[in-house]
Trainee: 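Take a look at the following structure, please.
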Amino acid sequence: MDAIGYITTGSAGVAFLSMLVTIYFSSKAASASKESISNADRANIIAIGQTETSLREQIANARIRMEDCGLKIPEFLKGRDKANLSEEELPHLEFLEGNWRSSTENFLNAYEDAFGKYLDDKTNKERFRRTYINEIKNICDPKRTSYARLMHPESTSNFEAIWKVYKEWHRHEK
Amino acid sequence: MATLQGLAHDYAKRIKDAIKSDGFINKSKIDPKDFINSKTQQEIKAVKRDIDGITYQLTNKAITEDDKRIIIDEINRELGLPRTVQKNFQLNESASNDDLSDLADVIENMLGGKK
């Protein structure tokens, strides 16, 4: 074999070697990419779980505040009718009433936030539906005087996400 | 000592009595609105709470999920619920704000209703 032959064989050898190296690294990259996708999926599932837990916490906290504000009213009234309160007592009741209404609004805000996350696909749709299907019924029930003030009529209600999800889940009930 | 079947029988009887008292007749269609706040619904919820509160006499530990399922299946069987309804029965799955909503309505009534 002459010098040109050696050079040609050498070049072919280098090219072959570089092809093997390329194949090796591309297969490594593919498996790393698969692993990173799987890690991203896992991270996504964890993030969804954390979001759902945090939404539930917000609702639970709003509920506790609503219970606290609500219980102060019968404690103050002690069985008396509102009409029988003295002039000095009425402002205090009005203050408690304002607190109560604000806590109810805050409670509904927590649901609005939760249903907004549901609509943005930031929760597990099926699990979320199973968890909240009964609660949303109460919130949108016109007979529930406590929520009706803020929820009805639907056209003027500020809680758009709640109504959107309610209609999605209960569209066959009228 | 009460058996799971015995408990299920008593619970099923309570629900049956509530259904009877609400006037829900077999094979008749009822509006979901009639069911809400009905005696039947309240009794089902009370039964659910009672089942959750059962403890074993010997260990005083809360009942296992498997034993709860046995009781609920037995109640379903005694009430003659169709399999499809049993499969979709979400008694154990959804969260609830019923009690808070009831409390809220009571307070609203004290304050004189809507504003």
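Naming convention: chains lettered A, B, ... in sequence-line order (proteins, then strands); numbering from 1 in each chain.
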Trainee: Kindly check if the number of other-residue, nucleotide or ligand heavy atoms within 6.0 Å of CG (L20(A)) is above 12?
Mentor: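 Atom CG in L20(A) is packed in, count exceeds 12.
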Trainee: Report, by ascending residue number, the residues of residues 103-122 of chain A in heavy-atom contact with chain B at a distance under 4.5 Å; give 'none' if the set is empty.
Mentor: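 Within residues 103-122 of chain A, near chain B: F107(A), Y111(A).
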Trainee: Would you say I59(A) ends up clustered with I48(A) if hydrophobic residues are merged whenever their side chains have heavy atoms under 4.5 Å apart, either directly or through other cluster members?
Mentor: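 In one cluster: no.
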Trainee: Side-chain contact, heavy-atom cut-off 4.5 Å: L111(B) with L93(A)?
Mentor: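 Side chain of L111(B) against side chain of L93(A), heavy atoms only: contact under 4.5 Å found.
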Trainee: Flag yes if F128(A) and I45(A) sit in one hydrophobic cluster, no otherwise; membership is Ile, Leu, Val, Met, Phe, Trp, Tyr, and two members link when side-chain heavy atoms are under 4.5 Å apart.
Mentor: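 They do not share one cluster, since no chain of ILVMFWY contacts under 4.5 Å joins F128(A) to I45(A).
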Trainee: Is K61(B) atom NZ crowded by more than 12 heavy atoms from other residues, nucleotides or ligands, each under 6.0 Å away?
Mentor: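 Not buried by this count: 12 neighbours or fewer within 6.0 Å.
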Trainee: Should L77(A) and L90(A) be counted in the same cluster of Ile, Leu, Val, Met, Phe, Trp and Tyr side chains packed under 4.5 Å apart?
Mentor: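 Yes, because L77(A) and L90(A) connect within a single hydrophobic cluster, where side-chain heavy atoms sit under 4.5 Å apart.
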Trainee: At a heavy-atom separation under 4.5 Å, does D81(A) approach chain B through its side chain, its backbone, both, or neither?
Mentor: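 For D81(A), no heavy atom lies under 4.5 Å from chain B.
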Trainee: Assess whether atom OH of Y56(B) is packed by more than 12 heavy atoms of other residues, nucleotides or ligands within 6.0 Å.
Mentor: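 Correct, the count exceeds 12.
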Trainee: Restricting to non-hydrogen atoms, name the atom on E108(B) and the atom on S146(A) that form the minimum distance, rounded to 0.1 Å.
Mentor: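 In terms of heavy atoms, the two residues are closest at CG-CA, 3.4 Å.
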Trainee: Counting only non-hydrogen atoms closer than 4.5 Å, does I139(A) touch chain B with its backbone (N, CA, C, O), its side chain (CB onward), both, or neither?
Mentor: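 Side chain only.
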Trainee: Is it true that atom CD of E160(A) has more than 12 heavy atoms of other residues, nucleotides or ligands lying nearer than 6.0 Å?
Mentor: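 No, the 6.0 Å shell around CD holds no more than 12 heavy atoms from other groups.
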Trainee: Restricting to non-hydrogen atoms, name the atom on I73(A) and the atom on I107(B) that form the minimum distance, rounded to 0.1 Å.
Mentor: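 So the two residues come closest at CD1-CG2, 3.8 Å.
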Trainee: Rounded to the nearest 0.5 Å, what separates atom CG in L103(B) from atom CE in M66(A)?
Mentor: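 Answer for the CG-CE pair, L103(B) versus M66(A), is 7.5 Å.
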Trainee: Has N138(A) got a side-chain atom pairing as donor or acceptor with S101(B)'s backbone, closer than 3.5 angstrom?
Mentor: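 Absent.
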Trainee: Do D99(B) and R63(A) sit within salt-bridge range, that is, some charged N less than 4.0 Å from a carboxylate O?
Mentor: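 R63(A) and D99(B): not salt-bridged.
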Trainee: With the 4.5 Å side-chain cut-off for hydrophobic clustering, are Y24(A) and V21(A) part of the same group?
Mentor: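 Same hydrophobic cluster.
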Trainee: Answer with side chain, backbone, both or neither: which region of R127(A) has an atom nearer than 4.5 Å to a non-hydrogen atom of chain B?
Mentor: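 Contact with chain B involves no heavy atom of R127(A) at all.
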Trainee: Non-hydrogen atoms of chain A under 4.5 Å away: do they reach the side chain of S96(B), the backbone, both or neither?
Mentor: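 S96(B) touches chain A through backbone heavy atoms alone.
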Trainee: At a heavy-atom separation under 4.5 Å, does L100(B) approach chain A through its side chain, its backbone, both, or neither?
Mentor: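 Interface part for L100(B): both.
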